[in-house]
Amino acid sequence: MIRDQIHAAVAAATVAAQAAGALPAFDIPTFTIERPRQPDMGDYAASLAMQLARIARMAPPKIAEAIARHVPPSDHYTVEVAAGYVNFRLTQAHLNQQIGDVLVQNEKWGDIDLGGGAPAQVEHGSANPTGYATIGTGRNVVVGDTLANTLVAAGYVVHREWYINDRGAQIARFGASLYTHYCAVFGVDVPLPPKGYPGDDVVTVAQEIAAREGDRLLKLPQDEACRFLGSAGVEIMMAHIRSSLTRLGVQYDNFFSENSLHISGLADRMLNELRARNVIREHDGAIWFSEDGSPIRAGQGVKRDDYAEDEDAGVSEEDAGPKAVQAVMLRSPRISPNPADRPTYFFSDVPYLWNKLVDRGFKLAVYVWGEDHQADVPRLYAAARALSLNADAVKILIYRFITIMRSGVEVRMGKRAGNAIWIDDVVDEVGKDAVRFTLLSRSIDTKIIFDLDLLKEQSDKNPVYYVQYGHARIASIFRNAQETLGAEPLAAGFAAHTCDLQHESEMALARKLLELPEIVALVAATLQPHHYTTYAYALCSTFSRFYDDCRILKQPDAVLFSRLRLAKAAQLTLARVLRLMGMETPEKM
RNA sequence: CCGCCCAUAGCUCAACUGGACAGAGCACUUGACUUCGGAUCAAGGGGUUGUGGGUUCAAAUCCUGCUGGGCGGACCA
């Protein structure tokens, strides 16, 4: 990328300036090449001179001057000094040539090579299969899907996976809840279990099973019926979730069963492995993971709020505080009479990590987790360290939850509360691309306030349509061009000419669209996909300005084809960003 | 009590991860086309970046005190 070339040029110029005696001798610190805020400051800037002021004992403008003078001459950029910055401006020749390159790269325009073909996994979604897919899960999957697309563009071979939590007390409760609803179909009144699922989605599943199985489950022992209903229910729910995800444009390579980790024996192997590494401790009948192998003390892992009750049991504050993160419970007899039967959540995370990095050999494992999993982050890293796995291969994203507003009032969303908002409903109301754009447009550290009424009302103003409109407009230009010129003369002229950018708006568009690889690199590095939405909007806005300022059709050939080529490059770029975000690229709207 | 995260224009959010004058959309005001798609373009008003200190040549960004909010600190969801 040109940015790297400029970085190298600045480094070389600094060395050259030292050699020439224009700068004193010192080691060059690490520095970055930035993009100036204002376009009139150039395309790239180095603030190295400011950094060097103290080291070199010189005024920044003088240093910048010395560096700028020693930048090797290039056809790609010109150099100027302003306010202590060394600014680089891309030349017209460079821009013209780059537009040509974009057209040659075509669908591959925007690809960068970071991954070198290494296998990477993005695990996202992974909501409990105890209800339909909510809009909260929507944020998870849209972010994960976009990151997966990005990693593909960055040269990884990407595997998309959904982790099904298909075991544990939660599934038992789900089965018991289904039993309640199932019995209700036949007029039998069974109370909902504590923390059961009252939602319409679960009721519907129960009715579905009732229609299929008849009343035969009533004759079974309740335990057996609940187990059957639990596993049948998970299957139906997953099918429903899958269809919701498809409507959102999200596809998976695999749905991974948590239960399989235990059935295969991997979980027990991991336990032995950890035991061999002396990080397993038993206390009070429970099995703990303790990263540094220190013993478990009474009250460890207990919330501070609970201390008051436990104080009689001799729990002191300093005993419980800082160690809480390092010690994690794996199994407890209090979960189930048979401890081996009911591991804690974390107990599954360990073999799952091993499965990803060792058994399947992923060089990069991206996790997309909601903020309720934040406490698991240090634990998973601790487990990776304890097992001597490469912790750098693990990237965990924590995104903030969505807050739902209904007629101006905040609604607590929860499947158990029975007031969740389903992906299907939102997609019905505002469409797939508008939902995706809204969910993507904010940093994952920001909690999204999702106002359904407002979203419906403003769905036609969703920025995604602006971006898609830009794309469709360019398609329309080419349809017109083909109609007036004929397909072959158009193709011949397009191939025979090169870009010759003249107008300010043409240059601005070229500069903007050429940023694409840097944006892909930015998203790949930060794992923050919202950068695409701001870029897509800005790019489209720059195009619209160009469209307004510069007529494309009915111009002399040189201008016509130059602008057609620029427009095509812009269209390729818009299409690429839209596809990275998993959105459609309409030719007409 | 401890940990993670958040606070930026009336509203919803950006700010390329420490750089130049903090930018967009919505809303509001005004203007532009007999011409390639008006789902458009241009212009305007609107800010002590929650608050006090610190580090730095440079702070919305890093450290720290405070205020307000979200989430978590496992008996498994």
Side-chain angles (χ1 to χ4, degrees), chain A residues 32 34-38 41 45 47 49-54 59-60 82-85 87 128 130 165 167-170 173 195 286 301-305 307 317 320-322 324-325 328-336 342-348 370-379 398 400-401 403 415-416 438 441-443 445-449 451 454 458 460-463 465-466 468-470 472-481 484 515 518-519 521-523 525-526 528 530-531 533-535 537-538 541 544-545 547-555 563 567 588-589:
Chain A
T32 56
E34 292 124 32
R35 298 204 75 115
R37 239 182 247 283
Q38 307 294 326
M41 295 164 180
S47 55
M50 262 91 77
Q51 281 181 62
L52 293 177
R54 175 164 287 183
Y85 289 88
N87 290 339
N128 293 321
T130 54
N165 308 120
R167 64 171 294 145
Q170 174 182 213
R173 263 202 286 278
K195 295 186 184 176
V302 179
K303 280 193 194 186
R304 178 66 166 76
D305 288 352
Y307 289 168
E317 292 183 18
V325 169
V328 188
M329 185 175 290
L330 296 174
R331 278 179 181 169
S332 166
R334 279 162 68 179
I335 304 175
S336 153
R342 295 267 184 83
T344 62
Y345 206 83
F346 180 71
F347 190 37
S348 298
E371 62 180 322
D372 55 338
H373 283 84
Q374 62 184 247
D376 296 328
V377 174
R379 291 167 187 168
I398 299 292
R400 302 302 128 191
F401 282 152
T403 307
K415 285 180 201 164
R416 278 203 208 88
T438 300
S441 61
R442 279 130 193 159
S443 151
D445 285 331
T446 304
K447 79 170 187 176
I448 295 182
I449 297 175
D451 190 324
L454 207 65
Q458 299 188 336
D460 55 330
K461 289 176 192 155
N462 193 296
Y465 299 123
Y466 177 74
Q468 291 178 326
Y469 180 69
R473 245 181 175 179
I474 298 172
S476 169
I477 293 167
F478 277 89
R479 281 194 299 272
N480 287 348
T484 48
E515 283 179 25
E518 289 174 29
I519 302 299
L522 178 67
V523 174
T526 60
Q528 285 265 30
H530 73 274
H531 290 114
T533 61
T534 46
Y535 175 65
Y537 196 93
S541 173
S544 295
R545 180 81 189 243
Y547 179 86
D548 218 53
D549 289 346
C550 302
R551 282 202 68 78
I552 299 170
L553 302 178
K554 298 177 188 159
Q555 301 292 310
R563 289 181 176 168
K588 289 181 182 172
M589 289 175 73

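We name chains A, B, ... by the order of the sequence lines, and we start the count at 1 in each one. Only heavy atoms go into these numbers, but all of them, side chains included; no hydrogens, no water, no symmetry mates.
In this structure, the side-chain contact (heavy atoms from CB on, under 4.5 Å) partners of A:Ser443, at least two apart in sequence or on a different chain, are A:Asp445, A:Thr446, A:Gln528, A:His530. The salt bridge (charged side-chain N to carboxylate O under 4.0 Å, His left out) check on A:Glu371 picks up A:Arg400, with sequence neighbours excluded. Among residues two or more places apart in sequence or in another chain, the side-chain contact (heavy atoms from CB on, under 4.5 Å) test is passed with A:Asn462 by A:Ala434, A:Phe437, A:Thr438, A:Val464, A:Tyr465. Residues satisfying the ring-ring contact (aromatic ring centres under 6.0 Å, His included) test with A:His531, not counting sequence neighbours, are none. Take A:Tyr85 and apply the ring-ring contact (aromatic ring centres under 6.0 Å, His included) test, not counting sequence neighbours, and it matches no residue. Residues passing the side-chain contact (heavy atoms from CB on, under 4.5 Å) test with A:Tyr466, sequence neighbours excluded: A:Tyr537, A:Cys540, A:Ser541, A:Ser544. Qualifying side-chain contact (heavy atoms from CB on, under 4.5 Å) partners for A:Asp372, counting only residues two or more places apart in sequence or in other chains: A:Phe401.
Base contact: A:Asp376 has a heavy atom under 4.0 Å from a base atom. Using a 4.0 Å heavy-atom criterion, one finds that A:Ser443 contacts the sugar-phosphate atoms exclusively. Counting any heavy atom pair closer than 4.0 Å across all strands shown, A:Ile552 reaches a base atom. At the heavy-atom level, A:Ala472 lies under 4.0 Å from base atoms of the strands shown. Here A:Arg479 lies in heavy-atom contact (under 4.0 Å) with a base. Residue contacts shown for A:Thr32 are absent, as no nucleic acid heavy atom lies under 4.0 Å away. Within the nucleic acid shown, A:Ile449 comes within 4.0 Å of sugar-phosphate atoms alone, with no base atom in reach, counting heavy atoms only. The residue A:Ala481 sits apart from the nucleic acid: no heavy atom pair falls under 4.0 Å. Looking at heavy-atom distances under 4.0 Å, A:Tyr466 makes contact with sugar-phosphate atoms alone, never a base.
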Taking N or O atoms only and anything under 3.5 Å, show me the protein contacts with nucleotides 57-60 of chain B, one pair per line.
{"residue": "B:C57", "atom": "OP1", "partner": "A:Arg54", "partner atom": "NE", "Å": "3.1"}
{"residue": "B:C57", "atom": "OP1", "partner": "A:Arg54", "partner atom": "NH1", "Å": "3.0"}
{"residue": "B:C57", "atom": "OP1", "partner": "A:Arg54", "partner atom": "NH2", "Å": "2.9"}
{"residue": "B:C57", "atom": "OP2", "partner": "A:Arg54", "partner atom": "NH2", "Å": "3.2"}

Under 3.5 Å, which N/O atoms of the protein pair with N/O atoms of nucleotides 4-7 of chain B?
{"residue": "B:C4", "atom": "O2", "partner": "A:Gln374", "partner atom": "OE1", "Å": "3.2"}
{"residue": "B:C5", "atom": "O2'", "partner": "A:Arg400", "partner atom": "NE", "Å": "3.3"}

I'd like a list of close polar pairs between nucleotides 26-31 of chain B and the protein, N/O only, cut-off under 3.5 Å.
{"residue": "B:C26", "atom": "O2'", "partner": "A:Gln458", "partner atom": "NE2", "Å": "3.4"}
{"residue": "B:A27", "atom": "OP1", "partner": "A:Lys461", "partner atom": "NZ", "Å": "3.0"}

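In secondary-structure terms, RNA chain B builds stems of at least 3 consecutive Watson-Crick or G-U pairs, each pair having both distances under 3.5 Å, at B:1-7 with B:67-73, B:10-13 with B:23-26, B:28-32 with B:40-44, B:50-54 with B:62-66.
Put simply, the side chain of A:Ser476 never gets that close to the backbone of A:Ala472: no donor and acceptor are under 3.5 Å apart.
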TODO: Do nucleotides 43-51 of chain B as a string where each nucleotide becomes B, S or -: B if the base has a protein heavy atom under 4.0 Å, S if just the sugar-phosphate does, - if no protein is that close.
DONE: ---------
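Dashed line: the shortest gap from a side-chain N or O of A:Tyr547 to OP1 or OP2 of B:U35 is not under 4.0 Å.
For the pair A:Tyr85 and B:G19, the ring geometry does not qualify as stacking, because the centroid separation below 5.5 Å and plane angle under 30° are not jointly satisfied.
Nearer to the 5' terminus of RNA chain B, by closest-nucleotide assignment, is the contact made by A:Ala82 (compared with the other of A:Leu553 and A:Ala82).
The side chain of A:Lys447 has B:G70 as its nearest neighbour among B:G72, B:G70, B:C41.
Separating the CG atom of A:Asn462 from the P atom of B:U12 is a distance of 17 Å, rounded to the nearest angstrom.
With hydrogens and angles ignored, no donor-acceptor pair closer than 3.5 Å exists between the side chain of A:Asp549 and the base of B:A42.
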